[in-house]
Structure formats: C-alpha cells, structure tokens
Amino acid sequence: MASDSLTITDNRTDRTYTLPIEDGTVRAMDLRQIKTGPEDFGLMTYDPAFTNTASCRSGITFIDGERGILEYRGYPIEVLAEHCTFLEVAYLLLFGELPNETGLKNWVHEITYHTMLHETTKKFMGGFRYDAHPMTMLVSTVAALATVYPEAKNIHDPENRLLQIKRLIGKMPTIAAMSYRHNLGFPYIYPDNDLSYTENFMNMLWKMVGPKYVANPVLSRALDVLFILHADHEQNCSTNTMRSVGSSQADPYVATAAAAAALSGPLHGGANEEVLKMLDEIGSKQNVAAYIQKVKNGHEKLMGFGHRVYKNYDPRAKIIKWTADRVFEVTGRNPKLEIALELERIALEDEYFVKRKLYPNVDFYSGIIYQALGFKPAMFTALFAIPRTVGWLAQWQEMVVDAEQKIARPRQIYTGQRTRRFLPMEERQAAGAMKK
Ligand code: SDX
C-alpha cells in the first residue's frame, strides 16, 4: 500500500532516506539528516523568492491558480462580492465566520468609532512635501501610529490585539484620505460617523464646503466591492512581509507599515498605477499591436498581466470588469478601457502570453475604475492598502497564535570568500582603488 512518504537515495553515499509527506509537502528540516559525513551540515532547500515553499499553515484564503478559484474562509469571492459589505468580509477574514445581524452591527460600530486620528498626525502629515507619494505618506504615518499606541507591543494579549486591529482598519481610510488632501492642498476632512466605511472614505476625500457629503450609492458600492476583492490573497509579497516582521514580535503598526511598503512595489500593489502609465504611453487602440511586440521583445512588461499563482484568469479581474460597467453608467466610459480591452483581446490569443499563462490580474482593470471615480494614479495603491490591511492583520493574528511559528530567519548559500588574511593599510594602497 503506497505510503505518504518520499524515499531518497543520496548518490554521494548510496544511503537511502524515507521522508514523510504531509499536506503535499516534505519538511525542509527532514532534509538536514542527509549528510556526507558527521561534519556535513546536511541538505537545505534552495528556493529564491519562495516559488515552491510553504511558509505556514493558514485557513484564511484559498487560491487554486490553475482553475482561477479564490475563496475567503471557504466562501467563493464571487458570492461575497455580490452579497456582502466590505466590513462584513473583514469580520469573516478575521474571525472565520460571517457575522449575524447583531455581530455585524457591533462590528461596524466598533470600526466607525476608530476612524479618528490623533491630532499630532496632522503635524506629521504636514511635514511631507506637497507632492509626496500617497503610499510613502501612508507607510510613514502608519508606522508613526505605533508612537500613539505604545501598548500595541503587548501582542500576546488577545484583547489588546483586537483593539489595535480595529484601530488600524478604522484609521487606514483616514490616513489615505489625508495624504490625498495633502497632495491637493485641501483642508483635512474629519470622519463622519453617520456614513458607512466606504461612504465615509469618500467623504474624507471629496467633501468640500457643503454641510454633509452624500455619496453616489452606485460608486460607493463599487468601491466596497473593490475593497472586498483586494482584502486578502494568502501569502503574497506584502503578507509575507507582514508575517516576517510580525514574527520578531514587533507591534502591528510597524508590521503593517512594512507590509504597505512591500505592496508599493510596481510588481505588486503598485502595478495598478503602472497599468495607467502603460495605457497612457500606448495612447490609442491603434498602438496596441506595436506595444505588444515591445513586450514580446522583452523591452516592456504588460503591467496588470501575469501572476505567480494564477495560471488562469484572475477571478477578481472578472468581477472588476463587471463593476467597471456599473461605474461607467454613472461616470461615463473611461476611454482607457478600449485600449485595455484591445490589449487583453490580443494578449489572450498570442502564443507568447498563452505559453506563459499570462492573464489579466487584479490590477489590470482596477486602475481604470479608480480613474473614472476621480482618483489620480498615485492614489491607486493606497486604495489597495486600505482593504489589504484586513488581510495583513488576519494573517498576522493567525501567525501570532500559531505554536509552530517563530522568528523568520532563512538560510543562504554562501558565495563569498573565506577566512582571508587581514590587509594592513600599506598593502591595500598597493592593491589599488576600491573595486566598484
Ligand atoms: C499583485 O501574489 C499575489 O497574490 C499578488 C496579488 C495580491 O492580491 O496580493 O495578486 C496582487 O501583485 C498582482 C500582480 C501585479 N503585478 C503586475 O501586474 C506586474 C506585471 N506582472 C509581472 O511582473 C509578473 O507576472 C508577476 C510579478 C506578477 C509574477 O511574476 P513571476 O511569477 O515571478 O513570473 P516570472 O517573472 O518568472 O514570469 C514568467 C515568464 C517570464 O518570461 P520567460 O523568462 O519565461 O521568457 O512570464 C514573463 C516573464 O518575463 N512575464 C511577463 C509578465 N509577467 C511574466 N511578460 C510580460 N509581461 C508580464 N506582465
């Protein structure tokens, strides 16, 4: 009877080892027994960028990349996007179950009453140049919140953890809106507790001199759906950062700031801003074929395409495309959509992309909607960071209470020189100037 094990023969010693297979993995530490002699450290795995390495056990988000499936706590993303609000999904991600009516009401109240920021934040935000990038202001300001809540370091106290989680979820839209208003030179707008999470975000962004901000319900629902789609995505680059920084028992504010910093990269959450720059560079539908050729020649990347896990259409991109149509019914059609649709049409037929299984990802269409909603591209990644804060915190919390987890500390393959003779200064001059 086949057993869940792997038998390996080390051809260097002709010794055979049998390693248990658990959940489709072998434990890297089980390889350390494979040695050529007592002095040998033993085998390690080598996996740059962790392309085939499970770093944790998690019950939060399931992705089947081949089939284009995404589920939060077992619920298909399509169902949640259709029936839930973002805060309802935030509750699901953090606590594992959809809230009942009372639970949701209390949860919404809790988050609503944590949207205010300490007044010192205005001085901190005021120190940035007028044109500072919103993501850099967000990363810095989230880290600075650790100075306002020093008790957040007590990460093993579940009540304290939950309080900081509520604060971060409540305050992220306020910080993002402040960075947006800072760029425009507009006065900051305080949260309005009569409004929903997403309507209040729109209020803090766009309220001008009128007595009360009233959000367009179609647009606020579209933003809520976009927040749901961006809430979590298992062990992506920024979540891996959150878990790694959190594994040193740093507080959740600096860990969230680090995760947001990782998200800001153009290959990750910064891609939605890059997509708009790419569409602007292409300029018209007629130029798409020429741009595709540049991508195939390796001179450009097709931003918003490709994914480490999805080797099929990103299910979020499908929902975003549907949401775009709802938004354009209100705002008018974004002309960039025609260029994006032509890019997708050509790419999905072209062997270069088909062979590499490159499909539109979550970032390909989101920027077009954000632009139609009135956001500048520099704001797009901050719009990703707001909902992903929930995913980062759910994953952080799962890591903190996971008995198997400890401080993250990978190994390396050393390629440098060993045990060199020290060079006194006079000999160094003879050795010539520092090598560049
Ligand atoms: C997000 O991990 C997550 O879950 C992330 C995310 C989340 O919700 O957290 O889903 C959000 O970050 C989505 C991805 C946004 N990034 C982009 O759209 C940037 C463009 N995409 C690529 O840079 C790339 O596809 C990545 C970074 C997303 C994935 O890169 P991988 O898995 O490291 O794949 P790779 O670079 O090894 O590419 C494999 C091949 C290469 O060609 P060959 O060397 O085999 O000839 O595909 C090519 C790549 O050159 N390729 C692309 C391409 N993406 C990959 N070629 C052109 N355009 C692209 N976009």
Side-chain angles (χ1 to χ4, degrees), residues 47-55 58 60-66 68-72 77 81 89 93 135 226-243 259-279 281-282 288 291-320 340 343-344 346-348 350-368 377 380-392 394-395:
D47 187 8
F50 316 123
T51 54
N52 191 42
T53 293
S55 62
S58 178
I60 298 171
T61 292
F62 173 78
I63 301 175
D64 179 332
E66 292 302 327
I69 292 171
L70 169 59
E71 296 175 352
Y72 291 162
I77 191 70
V89 170
L93 286 167
M135 269 308 278
L226 284 162
F227 281 178
I228 290 171
L229 298 175
H230 286 82
D232 191 55
H233 214 237
E234 54 131 287
Q235 306 312 314
N236 56 83
C237 177
S238 52
T239 298
N240 180 59
T241 305
M242 183 82 182
R243 281 177 169 265
L263 185 75
S264 69
L267 294 187
H268 190 13
N272 51 21
E273 181 179 352
E274 296 302 318
V275 168
L276 259 291
K277 286 180 190 164
M278 175 183 74
L279 297 177
E281 184 191 334
I282 294 171
V288 165
Y291 188 84
I292 289 273
Q293 196 50 52
K294 280 164 73 176
V295 171
K296 290 165 70 175
N297 296 339
H299 299 146
E300 299 285 353
K301 273 198 184 297
L302 190 51
M303 298 313 279
F305 259 70
H307 201 278
R308 174 64 56 76
V309 176
Y310 288 123
K311 299 309 171 190
N312 198 322
Y313 211 103
D314 185 330
R316 301 169 295 177
K318 281 182 194 156
I319 303 168
I320 289 175
L343 266 175
E344 178 184 0
I346 295 180
L348 293 186
D350 189 295
E351 183 50 26
Y352 178 92
F353 300 93
V354 173
K355 188 175 84 170
R356 291 168 177 80
K357 297 186 178 180
L358 301 177
Y359 293 88
N361 59 47
V362 69
D363 291 305
F364 188 59
Y365 286 106
S366 55
I368 297 170
F380 291 178
T381 309
L383 296 172
F384 195 149
I386 293 172
R388 186 52 60 90
T389 297
V390 169
W392 292 331
Q395 299 273 350

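Indexing begins at 1, ligand by ligand and atom by atom, following the structure's order.
Listed by chain and number, the residues in a side chain to side chain donor-acceptor pair (under 3.5 Å) with Lys311 amount to none (sequence neighbours excluded). Not counting sequence neighbours, Asp232 has no partner by the salt bridge (charged side-chain N to carboxylate O under 4.0 Å, His left out) test. With sequence neighbours excluded, no residue satisfies side chain to side chain donor-acceptor pair (under 3.5 Å) with Ser55.
Ordered by chain and residue number, the residues placing a heavy atom less than 4.0 Å from ligand 1 are His233, Asn236, Leu267, His268, Ala271, Val295, Lys301, Leu302, Met303, Gly304, Phe305, Gly306, His307, Arg308, Arg316, Tyr352, Arg356, Leu358, Asn361, Asp363, Phe384, Arg388.
In this structure, the side chain of Asp64 does not engage the main chain of Gly68 through any donor-acceptor pair within 3.5 Å.
Side-chain contact between Ser238 and Arg388: present, with at least one pair of heavy atoms (C-beta onward) separated by less than 4.5 Å.
Neither side chain, Tyr72 nor His233, offers a donor N or O lying under 3.5 Å from an acceptor on the other.
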